[in-house]
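Indexing begins at 1, ligand by ligand and atom by atom, following the structure's order.
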Amino acid sequence: MSFAVKSNITWVGKQDWELREFHGAEYSTHKGSSYNSYLVREEKVALIDTVWSPYAQEFVDNLEKEIDLHKIDYIIANHAEIDHSGALPALLARIPDTPIYCTENGVKSLKGHFHKDWNFKVVKTGDTLDLGNGKQFVFVEAPMLHWPDSMMTYLAGDAVLFSNDAFGQHYASEQMFNDLVDQEELRAECLKYYANILTPFSARVTAKIHEVLSFKLPLEMICTSHGIIWRDNPAQIVEQYLAWADDYQENQITLIYDTMWNGTRQMAEAITKGIRSADPSVEVKMFNLAISDKNDVLTQVFKSKGILVGSPTVNNGMLPQVAALLEEMRGLRFRGKHAASFGSHGWSGGAVDRIGQRLEEAGFKVSGGIEAVWKPTDGALDECLAFGRRIAQQWRGEHAPVQAGENAPASAFARSPARPAANPVAAATATPNVVAADGGSMRCRTCGWVYDPAKGESGQGVHAGTPWSAVPETFLCPECLLGKSEFEPLHPHRDGAADASRGDGLQPAPVVIIGGGSATYQLVRAFRAQDQDTPVLVITADAGADYPKPQLVHGFSRKLGPSDLVQRSPEELAREFNVTIKTHTRVDSIDAEAKTISFGGEIQPYRDLVLALGATPWIPPLEGNAVDRVITLNNLSDYETYLHQLSRGTRVLVIGAGLTGTEVALDLAEGGQQVWLTDVAPRTLAKVLPEFVSQELEARLVQKGCRLHLGQNIVSIDSSAGGVTVRLSDGETFEVDTVLVAAGVRPRVELAKAAGLQVNRGIQVDPQLQSSSAHIYALGDCAEIEGRVLPFMHPLSLAAQALAKTLAGERTGLRLPAMPTMVKTPAMPIQVGGVTVADGLQWTVEADETGLTGKAVNDEGEFVGYVVTGKHLGNGMALLQQLPALL
Ligand SMILES: Cc1cc2nc3c(=O)[nH]c(=O)nc-3n(C[C@H](O)[C@H](O)[C@H](O)COP(=O)(O)O)c2cc1C
């Protein structure tokens with residue numbers, strides 16, 4: 001079988017309908033798989049990848065029907081694993097001198113597999129290979145996605161990305177294009193593939209996607225190496241990967257257990273009942289491991305916000321299937337998920353403790369465990385139910401400590417639960433200061449292998465005595481093949497702030513970052529990718545947890561508590577990035593000349609200072625005696641107040657119909673609140689959307705039950721018997737329980753201003769993010785870059801990357817491509833780019849029942865902006881490419 005992907009690209013791979021196990025018996029393939037190989041024919045002819053070795057001869061025979069083998073000029077080996085390279089020996093037996101383009105690690109792996117000295121041509125990211133007819137390949141290395149040798153190949157001129165294993169699935173289909181197959185099946189297989197194979201590499205997935213996006217290459221098609229080809233809106237799978245890589249979770253709790261005589265199963269059922277009674281909205285799934293497909297179970301773990309793992313005690317330990325799953329979960333390194341353990345035993349117990357320890361080692365936030373003796377009594381099952389209820393509450397964000405056995409009959413529980421509840425937010429508050437690390441031996445987080453500088457690593461040519469900082473970036477853990485970024489210091493120690501910060505000649509002065517939001521943690525992550533050794537001190541006035549800020553406006557309808565949003569506690573961040581974090585600490589002043597800051601009477605020297613101070617919500621002047629009752633939604637502690645306020649009544653006024661106000665109004669309506677939305681502007685998102693899209697959005701808002709009062713001033717907000725009475729300039733008066741202001745934010749500039757830095761709307765910085773003072777930088781919502789304040793995630797992420805390089809010694813200017821703005825209203829997703837609100841714009845609009853695509857030209861007929869909605873979102877990427885860069 002072969003078929004035309006495009007006029008110049010032919011699929012010449014192998015459909016493996018009957019495959020049911022892959023990687024030995026490690027991965028179940030209920031729907032078979034395909035090994036995709038592609039023939040690209042221009043003036044030159046290239047073959048991209050081959051197929052698994054059992055099909056080598058069949059592949060070569062079929063290929064020969066397609067083309068005279070001697071006409072193949074180049075072979076591209078994106079990945080050396082034998083399901084893609086397995087036919088190389090048979091092929092090269094026929095055309096032995098044909099050059100094979102692959103990465104340096106690709107040569108090693110291919111030689112390691114086939115022991116042949118073929119005509120290898122080593123390529124690196126950015127290298128090109130000309131195919132004639134104006135077409136060329138651009139190579140992009142993708143180490144550890146998912147092997148050291150992995151790379152992708154981009155066909156410029158056709159905008160086709162040959163992504164190898166990324167974006168693929170084990171899914172045999174006659175249709176072979178994403179728009180032709182069953183969408184549910186496709187999503188399920190993509191999810192399973194990501195969850196079971198790519199989860200450990202999520203940080204790399206995100207970094208690689210951002211790197212590729214920064215090239216601003218158009219993308220028309222993604223040709224994967226397993227499963228279907230993405231030709232309809234290929235950006236959808238890229239966006240989906242970004243979401244999955246971002247510590248993905250749904251409102252789901254999964255119970256996984258094994259049992260011999262059903263005692264543990266009964267416990268699982270009672271816990272489930274308790275969870276459901278406390279939180280009917282949460283999806284609960286249960287799996288008996290002995291009769292479930294392990295990969296399907298792991299996919300459900302990937303989707304869950306928390307899991308409970310149960311086993312009876314057998315010979316003082318747990319049943320082997322449970323142990324095996326825990327070992328596999330350790331390797332997969334799920335992040336930001338809760339866990340607890342349970343199980344029945346006869347005399348000694350042991351399994352529940354052990355499971356708890358294994359879960360902790362695997363990176364779960366463990367909330368204790370519960371045990372029963374022999375066949376659980378009714379009382380013991382009641383306790384399991386209560387345990388489930390408390391788990392549901394805690395994982396929902398209500399911080400009831402989970403203590404099993406509180407009222408347990410003595411016979412039901414041999415012992416009290418093994419561990420106290422672990423609540424990251426509470427932990428951060430209770431331990432306000434620091435977790436730092438030394439710069440000696442480094443341990444691989446995945447397998448525990450330790451790099452000792454005194455010994456080096458002769459296998460990779462790293463001599464004894466080489467400090468970690470001098471170990472090359474290409475270094476891989478000899479045990480598990482993960483890269484340098486996966487290593488952490490072997491001996492983290494507490495209170496390193498003092499050690500790291502003296503600046504007295506014993507330790508270098510650190511890079512100091514003030515602020516504890518997304519800007520800080522993006523910078524820390526990017527900086528550590530460049531420099532593992534320079535001490536970094538983060539000082540933040542709040543609790544310092546890392547959470548996805550955009551989720552604040554979507555959390556209510558999903559019933560997410562503040563702790564559900566927390567991805568990493570400050571302790572976890574400190575450990576992960578080898579930095580010192582001082583929480584609940586407000587910086588009083590900066591002395592730019594002395595290169596110091598002061599807080600609480602302490603003086604702290606810095607090598608470089610980064611101001612990542614964020615922005616403060618702007619509250620318009622309001623009249624009335626309830627003005628101090630208005631709330632805002634700008635950080636995690638605001639979110640806690642917001643949820644608390646919403647629990648007191650169901651009527652909410654949202655002031656401000658911009659991006660945040662509109663998204664939050666829809667989320668509130670979705671969550672069952674009565675919502676009023678006001679703005680002085682006569683329409684929603686007046687600064688972003690053309691009028692015809694605002695109108696459609698308003699229709700959706702009304703459809704969802706929101707009451708719109710646009711073009712109105714708030715005359716007064718006064719306390720009343722039942723809540724707060726709001727009076728508008730159109731004479732309308734109504735009563736609500738909550739008033740939320742979402743009227744925009746103002747960069748925090750006071751500290752910088754007091755230090756004499758140049759300040760306008762934000763802290764003024766140049767393209768290197770440097771302020772008017774040397775060694776002081778500003779990043780994120782507080783910065784004004786060449787006159788622009790850009791409080792969005794995409795520019796922030798690019799700015800963090802550029803600044804990380806500058807701080808690591810490679811002075812790098814920020815380049816901002818044209819960037820889209822997403823209005824994430826599930827009822828009507830909208831994307832806009834370029835100039836969309838200005839005098840004299842002429843719009844051309846194509847609309848159907850699924851959405852619209854609008855293109856704007858200015859007076860001179862130049863294309864300057866676009867808007868896409870609903871199912872037309874897929875058109876956005878191509879339009880964006882046509883817009884000029886911002887910076
Ligand atoms: C082979 C075997 C070994 C066992 N080892 C232990 C043990 O080391 N400690 C213990 O407390 N109970 C031990 N038990 C008892 C079980 O934990 C007990 O029967 C439990 O209630 C079984 O739970 P289940 O109904 O979920 O299978 C063992 C049972 C069997 C069959």
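Looking only at heavy atoms of the protein, atom 24 (P) of ligand 1 is closest to T259 OG1, 3.3 Å. Among all protein heavy atoms, the one lying closest to atom 17 (O) of ligand 1 is T313 O, 2.7 Å. If you check which protein heavy atom lies closest to atom 23 (O) of ligand 1, you get P312 CB, 3.2 Å. Nearest protein heavy-atom contact of atom 29 (C) of ligand 1 is M260 CE, 3.7 Å.
The distance criterion of under 3.5 Å between nitrogen or oxygen atoms is not met by V314 with respect to ligand 1. Ligand 1 has an N or O atom lying under 3.5 Å from an N or O atom of N316, backbone or side chain. At least one N/O-N/O distance between N315 and ligand 1 falls below 3.5 Å. For ligand 1, the polar-atom distance check against T264 finds a nitrogen or oxygen pair separated by under 3.5 Å.
Residue-environment remark: CD (Q183) exceeds the threshold of 12 foreign heavy atoms within 6.0 Å.
Between the side chains of H23 and E81, at least one donor N or O sits under 3.5 Å from an acceptor N or O. Using modelled atom types, one finds no donor on one side chain facing an acceptor on the other under 3.5 Å when comparing Y27 with N196.
Applying the salt bridge (charged side-chain N to carboxylate O under 4.0 Å, His left out) criterion to E327, with sequence neighbours excluded, gives R330.
Less than 4.0 angstrom separates some heavy atom of W261 from each of these atoms of ligand 1: 24 (P), 25 (O), 27 (O). Listed by number with element, the atoms of ligand 1 under 4.0 angstrom from any heavy atom of G349 are 10 (C), 11 (O). Close approach to G263 involves these atoms of ligand 1, each under 4.0 Å from a residue heavy atom: 24 (P), 25 (O), 26 (O).
Of all the heavy atoms of V373, none lies under 4.0 Å from any atom of ligand 1, so neither backbone nor side chain is involved.
In this structure, the side chains of K303 and L191 come closer than 4.5 Å at one or more pairs of heavy atoms. For the pair F302 and E250, the minimum side-chain heavy-atom distance is 4.5 Å or more.
Classification of E670 and R558 as a salt-bridged pair fails, no side-chain N sitting under 4.0 Å from a carboxylate O.
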